[in-house]
*Asks:* 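Can you read through this structure? Questions will come right after.
Counting starts at 1 for both ligands and their atoms, in listed order. Values reported hereafter were calculated over all heavy atoms of this structure, with side chains retained and with hydrogens, waters and symmetry mates removed.
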Amino acid sequence: MTDEKLLELFAQMTLEEKIGQLIQLDGGCYGAEELSTGPQQKLGITQDTVDVSGSVLNVLGAEKVREIQNHYLSRSRLKIPLIFMADVIYGYKTVYPIPLALGCTWDPDLIRADYHITAQEASADGCMVTFSPPVDLIRDARWGRCLESPGEDPWLNSQYAKAMVEGFQGNMAPGESMASCVKHFAAYGAVEAGREYNTVDMSERQLRQNYLPAYKAAVDAGCKLAMTSFNTVDGIPATANRWLLHDLLRKEWGFDGVIITDYAAIQELIAHGVAADSRQASQLAMEASVDIDMKTGCYANQLAPLVQDGTLDQSLIDQACLRILRLKNELGLFEDPYRGADAARAAACVEDASHAAAALRTAQEAMVLLKNKNNILPLAKTGQKIALIGPYSDSKDIIGMWAVHADRARAVTLRAAMEIILAAENFGWCVGCPTLDDLSCLGEFGNIPAMKGVSADDKTVAQWEQEALDLAQASDVVVLAMGEHMLQSGEGGSRTDITLPAPQKRLMEKLHQLGKPIVLILFNGRPLVLSDVEPYCDAILEAWFPGTAGGAAIADLLFGNVAPSGHLTTSFPQAVGQLPLYYNHFNTGRPAEGSGHHGRFTSRYMDCPNEPLYPFGFGLGYHSAAYSAVTLSSHTLSAGGSIQASVTIKNTSSIPGTEVVQLYLRDPAASVVRPVKELKGFRRLPLKPGETQTVTFDITEEMLKFYTRTMEYKAEPGTFIVMIGPNSRDVQQAEFTLE
Ligand code: BGC
Ligand code: BGC
């Protein structure tokens, strides 16, 4: 409808109806009468509130959505449809690798296309808004939600944020799109000590320089919603932080979309200690410009009295309500309240062969080859016997913890994929050991009841172990499918020990003693500490939680049907005590190398190097490549101009491969300390055997800008260092001057 008509509708709304739009409830509230009692009582809300509520959390399925919408509209005075919002984070029925793995593709265009497919699948099944993308910058692998982030680099995360929003929203055509909700605003990835829901405290410079850019990129890409984070920002929880939400997000960035809280975050303002009760909590959130209260009774029960006694300005409610109505209108809900949701179309859409093919290709690009001693990979398909051992050998729990609406049954296991490639006499497999010694730490999550992992009693464990040792003994190569339990990462998945789980390590040690080559395939949702198992392995392939096509993608890489091309977007620590760990750190006044100080008087640990085990940007292929020195078109860059930096790269092997050529810059003397290097560009470069290619990057003044001493965002004249290489560690460098 026209905005004029929308305003006419708005003018007819009572205060209760306006407040209703600001309330998001879960599916239980809309079901049969007896079903709805529980959730309603828990929130302390009445049927009248349900009848005017504005949106529904995490109900999907075209038929269910139509049914709830119909029932709701039949009771509604003004016939304003509900919005169905859900966590469709990195795939719907077809699941892509977890976002941390998507980051490793260094291929935002590919991810845009994948997310467009996700929008088609999920919108056909009733999803109108997705709570994605999460683009929280991460630096601490203890945090389980590393799984949800593209990585540790602000610029690269921004490229993904943009691509993801564009993929979901497209031109907002019904049946092709969903509105996107960037989260968790802001700086959720910086929770202290990597502990879930913990405090965040940092300088405004750090916030603006590193943590905000990816959210900003999503907003600039036209993202329709933003979700507040659970954490504090400068002592004030994000959900009550008027500076963050109103002054920065709305005024400074010009965001006029809908701000929704994270789950129950308004009520949690009380536990945080900024609100005495839910009345005050509601007032704070409203004044901070939070539009939708997810899953609490706060707005439902408190806003009307706050307005009626004059404490809260009703114009705040009017503005929030209008923002939500405008979103409904943009979604086309007044014309089609189901937005094209159609069970038959949804079912057909998921069966589209191009979707499975996309998931396969992306999983192949997302996996990172970390080690390949004596080029043991790729494996020959014939002439040897291969043993597949480990709890992930035949597991479908490879879709990652946040694929809550996924069809887990569609996942292709590694065993199934290897059985297609290998003749029966060349292949054997067994579980070998449980995932964890004790599953009790995991708790439940969402609707993933089946995910119990592999566990066993002592007798069975001993039998499994013997079976694995016998199989390995009778084989030429051992492929280990191991990793974290799927519930050890994701929300609520913080850990202090991020090594491979103990029973899997014990089995690996025993297998190692047999002297057979070991290829480790890792399934995990965060960077792991691999220092203790790395020496046992001839090859390590980081498969992450690779999604629906996971097993097939791994098998393609293992046997060389496709070459690995993924590169890490997070540093892999040598020890958990190094955390937080990130490549774009400061130099300090006493760097470990070259400070002029010696012995113990430099910035380092006594018991561990400063360096990661595998650096940001790292990843091997099956080929090898040689990089030339960096050449510059000029050693002087004038303001507003550009210079070119080039390297020539040769594939020095007889195997095709893809290089991810990375450009880093450093400002060695500025008004504030700048990082030792910052990623400013990259190129995916396929190279045929023996082929040589020159890659040229433009360097512009824009790339040199930062928040100066006076918090202006600009470049300062002086010397700069440009570095180019296949990862953040192994770079060649040159210097130029900005005039
Ligand atoms: C998570 C969000 C999610 C929301 C709704 C919260 O617990 O932090 O990422 O979107 O639940 O399911
Ligand atoms: C220490 C100071 C000390 C100074 C003089 C420095 O290395 O950090 O605490 O006062 O040496 O001995």
Side-chain angles (χ1 to χ4, degrees), residues 23-29 39 43 53-60 83-92 98-100 115 118 122 126-138 143-150 161 164-165 168 178-191 194-198 200 214-215 218 223-233 237-239 257-269 271-272 285 290-296 298 400-406 443-448 487 489-494 525:
I23 298 165
Q24 177 160 110
L25 303 171
D26 68 20
C29 296
L43 299 183
S53 61
S55 55
V56 186
L57 171 65
N58 272 336
V59 173
L60 292 182
I83 310 183
F84 289 79
M85 306 195 190
D87 293 292
V88 179
I89 314 278
Y90 50 92
Y92 184 53
I98 56 170
L100 184 57
Y115 278 34
T118 298
C127 188
M128 298 161 186
V129 168
T130 176
F131 298 126
S132 188
V135 290
D136 307 307
L137 189 92
I138 50 168
W143 195 45
R145 302 192 85 161
C146 286
L147 176 152
E148 293 174 52
S149 167
M164 289 167 170
V165 170
F168 283 139
M178 336 182 249
S180 167
C181 175
V182 68
K183 68 186 189 185
H184 306 80
F185 195 71
Y188 188 24
V191 284
R195 201 184 75 212
E196 183 66 304
Y197 314 129
N198 202 6
V200 169
Y215 309 112
C223 180
K224 304 282 176 207
L225 298 92
M227 183 187 288
T228 66
S229 55
F230 287 126
N231 53 277
T232 51
V233 173
T239 305
V258 169
I259 299 179
I260 185 167
T261 71
D262 203 344
Y263 198 103
I266 298 181
Q267 188 71 31
E268 290 168 14
L269 296 176
H272 267 295
V290 169
D291 299 317
I292 300 182
D293 174 0
M294 182 195 285
K295 270 292 288 178
T296 85
C298 287
M401 188 257 215
W402 259 119
V404 284
H405 300 284
E444 305 251 311
F445 185 79
N447 51 2
I448 324 183
L487 280 183
S489 58
E491 182 167 358
S494 293

*Asks:* I need the D87 CG to M227 CE distance, nearest 0.5 Å.
*Replies:* 6.5 Å

*Asks:* For ligand 1, which atoms sit closer than 4.0 Å to a heavy atom of K183?
*Replies:* 2 (C), 3 (C), 9 (O), 10 (O)

*Asks:* Counting from 1, what ligand 1 atoms have a heavy atom of N58 closer than 4.0 Å?
*Replies:* 12 (O)

*Asks:* Within a distance under 4.0 Å of any heavy atom of F131, pick out the atoms of ligand 1 and give their elements.
*Replies:* 10 (O)

*Asks:* Can you confirm whether L57 sits close enough to M294 that some side-chain heavy atom of one is under 4.5 Å from a side-chain heavy atom of the other?
*Replies:* yes

*Asks:* For ligand 1, which atoms sit closer than 4.0 Å to a heavy atom of H184?
*Replies:* 2 (C), 8 (O), 9 (O)

*Asks:* Which heavy atom of the protein is the closest neighbour of atom 8 (O) of ligand 1, given with residue, atom name and distance?
*Replies:* D262 OD2, 2.6 Å

*Asks:* Are the side chains of T239 and E268 in touch, meaning some heavy atoms are under 4.5 Å apart?
*Replies:* no

*Asks:* Would E491 count as a polar contact of ligand 1, with the cut-off being nitrogen or oxygen pairs under 3.5 Å?
*Replies:* yes

*Asks:* Between ligand 1 and Y263, is the shortest N or O to N or O distance under 3.5 Å?
*Replies:* no

*Asks:* Among all protein heavy atoms, pick out the one at the shortest distance from atom 10 (O) of ligand 1; state its residue, atom name and that distance to 0.1 Å.
*Replies:* D87 OD1, 2.5 Å

*Asks:* I'd like to check which ligand 1 atoms, numbered from 1 as shown, lie under 4.0 Å from a non-hydrogen atom of R145.
*Replies:* 1 (C), 2 (C), 8 (O), 9 (O)

*Asks:* Taking atom types as modelled, is there a side-chain donor on Q24 or Y263 under 3.5 Å from an acceptor on the other?
*Replies:* no

*Asks:* To the nearest 0.5 Å, what is the distance between CZ on R145 and CD1 on I138?
*Replies:* 12.0 Å

*Asks:* Do the side chains of V182 and V165 get nearer than 4.5 Å, heavy atoms only?
*Replies:* no

*Asks:* Fit a plane to each ring of F230 and Y188, take the angle between them on a 0 to 90° scale, and name the class: parallel (under 30°), tilted (30 to 60°) or perpendicular (over 60°).
*Replies:* perpendicular

*Asks:* In this structure, does ligand 1 have an atom that sits under 4.0 Å from one of the heavy atoms of M227?
*Replies:* yes

